Engineer: 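Before we start, here is the structure in question, set down as structure tokens.
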Amino acid sequence: LFRGRLWPLQACLFDHGRNTICKAALDHGFQYLFFLDSDVIPPRNAILRLLSHNLPIVSGMYCRRSPPHAVPVMMRNGQWVTKFKPGSLVEVDYCGAGCLLVRRDVLEKLPPQRPEAGKTWFDWRVDMQGIGPPGDCLSEDYTFLQAVKRKLGISTFVDTSVQCRHVGM
């Protein structure tokens, strides 16, 4: 981190790491892949609770560290989702991948996003502002969920009872 901002080189490592682990999960026959970022602290039973929903994609809930601060990292219709019934399952357009469970078939069915750049599932596009269409200059987790929704019609859910801490700043 440099004054709260990621250098582009560091940011592109997020999508590279996520793509590498997706390939390894498929190569080893795993049925689910659980992403847990180093700055997210989930409850002890997070994976079991997320698995219990039997959904293609489901996330735990954690809040933003950057503006707007303390807002859950989940969006619907271009707005941060701040009103929900505590302990509920909320359908969203986007959420962070810091506590995200993805079922194998999602990875198998999703066409590569930018194969020429090695971006099969996740593609960091924040540094492409002004190059791509508005709304497509997203972080790697958002581009993944956007592609899953657009190309596969699969919704993303956030289990608001799986409350995680987002450490830092």
Side-chain angles (χ1 to χ4, degrees), residues 1 4-23 25 32-40 42 50 55-84 89-103 105-107 109-160 162-164 166-169:
L1 288 173
R5 294 187 179 196
L6 293 169
W7 288 97
L9 177 60
Q10 291 173 316
C12 73
L13 296 177
F14 295 142
D15 59 4
H16 178 74
R18 293 194 198 280
N19 284 316
T20 299
I21 199 66
C22 287
K23 182 175 180 342
Y32 286 92
L33 179 55
F34 180 63
F35 291 98
L36 181 62
D37 287 1
S38 62
D39 60 352
V40 174
L50 296 176
L55 290 167
I57 301 177
V58 63
S59 175
M61 187 182 84
Y62 56 94
C63 292
R64 293 176 48 85
R65 295 181 309 166
S66 57
H69 296 284
V71 170
V73 183
M74 52 184 183
M75 296 186 84
R76 185 175 45 235
N77 300 323
Q79 302 292 319
W80 295 108
V81 178
T82 57
K83 294 182 181 175
F84 52 87
L89 200 58
V90 178
E91 186 174 353
V92 299
D93 297 325
Y94 306 115
C95 66
C99 181
L100 186 70
L101 184 70
V102 179
R103 202 167 59 200
D105 61 307
V106 173
L107 301 176
K109 293 176 186 174
L110 187 64
Q113 293 201 55
R114 281 195 312 145
E116 72 283 0
K119 310 299 182 179
T120 306
W121 299 277
F122 290 86
D123 186 10
W124 177 268
R125 296 184 189 165
V126 171
D127 53 352
M128 296 175 71
Q129 296 292 334
I131 298 170
D136 278 355
C137 303
L138 304 170
S139 58
E140 85 290 351
D141 40 12
Y142 282 24
T143 62
F144 170 70
L145 297 174
Q146 180 183 67
V148 166
K149 183 66 172 183
R150 283 184 183 173
K151 297 177 181 177
L152 302 178
I154 296 173
S155 295
T156 298
F157 291 87
V158 174
D159 182 339
T160 63
V162 179
Q163 294 194 12
C164 307
H166 201 182
V167 180
M169 298 183 71

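Residues take their numbers from the sequence shown, with the count starting at 1. Quantities reported herein were computed from a predicted structural model and do not represent experimental measurements.
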Engineer: Please enumerate all residues that pass side chain to side chain donor-acceptor pair (under 3.5 Å) together with K23, with sequence neighbours excluded.
Structural biologist: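 Per chain and number, K23 pairs via side chain to side chain donor-acceptor pair (under 3.5 Å) with D27.
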Engineer: What pairs with F35 under ring-ring contact (aromatic ring centres under 6.0 Å, His included), at least two apart in sequence or on another chain?
Structural biologist: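 So F35 forms a ring-ring contact (aromatic ring centres under 6.0 Å, His included) with F122.
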Engineer: Is there a donor-acceptor pair under 3.5 Å between the side chain of D93 and the backbone N or O of N77?
Structural biologist: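 Here the side-chain-to-backbone pair exists.
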Engineer: Show the numbers, then the answer: is there a side-chain contact (heavy atoms from CB on, under 4.5 Å) between K119 and T143?
Structural biologist: CA-CA 11 Å; K119 310 299 182 179; T143 62; over 6 Å; no
Engineer: Rounded to the nearest 0.5 Å, what's the gap from CZ on F84 to CG on L89? Could you check?
Structural biologist: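 Atom-to-atom, F84:CZ and L89:CG are 12.0 Å apart.
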Engineer: Do you know which two heavy atoms are closest between G60 and V158, and how far apart they sit?
Structural biologist: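 Between these two residues, the closest heavy atoms are O-CG1, 3.8 Å.
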Engineer: Roughly how far apart are T82 OG1 and R76 CZ, rounded to 0.5 Å?
Structural biologist: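 Here the interatomic distance stands at 9.5 Å.
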Engineer: Okay, side chain of T120, backbone of N19: is any donor-acceptor separation there less than 3.5 Å?
Structural biologist: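 No: the side chain of T120 does not pair with the backbone of N19.
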Engineer: State which residues pass side chain to side chain contact (heavy atoms under 4.5 Å, CB included) with P56; sequence neighbours excluded, sorted by chain then number.
Structural biologist: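 Listed in chain order: R103, V106, I154.
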Engineer: Any side-chain to backbone donor/acceptor pair from S59 onto C99? Under 3.5 Å, distance only.
Structural biologist: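 Judged by distance alone, yes, a pair lies under 3.5 Å.
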Engineer: Between the side chain of H166 and the main-chain N/O of R64, is any donor-acceptor distance below 3.5 Å?
Structural biologist: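 Answer holds: no.
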Engineer: Take M75 and Y142 through the test side-chain contact (heavy atoms from CB on, under 4.5 Å) and record every step on the way to the result.
Structural biologist: CA-CA 10 Å; M75 296 186 84; Y142 282 24; 3.8 Å; yes
Engineer: Working to the nearest 0.5 Å, report the span between CD of Q113 and CG of D15.
Structural biologist: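 Between Q113 CD and D15 CG, I get 9.5 Å after rounding to 0.5 Å.
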Engineer: Please name the pair of heavy atoms, one in P68 and one in W80, separated by the smallest distance, quoted to 0.1 Å.
Structural biologist: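 So the minimum-distance heavy-atom pair works out to CG-NE1, 3.5 Å.
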Engineer: Report the distance from atom CZ of F14 to atom CG of D37, rounding to the nearest 0.5 Å.
Structural biologist: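 Going from the CZ atom of F14 to the CG atom of D37 covers 7.5 Å.
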Engineer: Rounded to the nearest 0.5 Å, how far apart are CD of E91 and NZ of K149?
Structural biologist: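 Going from the CD atom of E91 to the NZ atom of K149 covers 5.0 Å.
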Engineer: Mind checking whether V90 and M61 have side chains closer than 4.5 Å, heavy atoms only?
Structural biologist: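 No, every pair of side-chain atoms sits at 4.5 Å or beyond.
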Engineer: Taking the side chain as everything from C-beta on, heavy atoms only, tell me whether L50 gets closer than 4.5 Å to Y32.
Structural biologist: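 The answer is no, as the side chains (C-beta and beyond) never meet within the 4.5 Å cut-off.
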Engineer: Got more than 12 heavy atoms from elsewhere within 6.0 Å of NZ, K109?
Structural biologist: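 Count not over threshold, so no.
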Engineer: Working to the nearest 0.5 angstrom, can you tell me the gap between I57 CD1 and L152 CG?
Structural biologist: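 Reported value, rounded in 0.5 Å steps: 8.0 Å.
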Engineer: Between W121 and L107, is there a donor-acceptor pair closer than 3.5 Å when you use the side chain of the first and the backbone of the second?
Structural biologist: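 Here the side-chain-to-backbone pair exists.
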Engineer: Can you confirm whether L100 sits close enough to D141 that some side-chain heavy atom of one is under 4.5 Å from a side-chain heavy atom of the other?
Structural biologist: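 Heavy-atom side-chain distance check fails, nothing below 4.5 Å.
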Engineer: At their closest point, which heavy atom of C63 faces which heavy atom of V73, and how far apart are they?
Structural biologist: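 In terms of heavy atoms, the two residues are closest at C-CG2, 3.7 Å.
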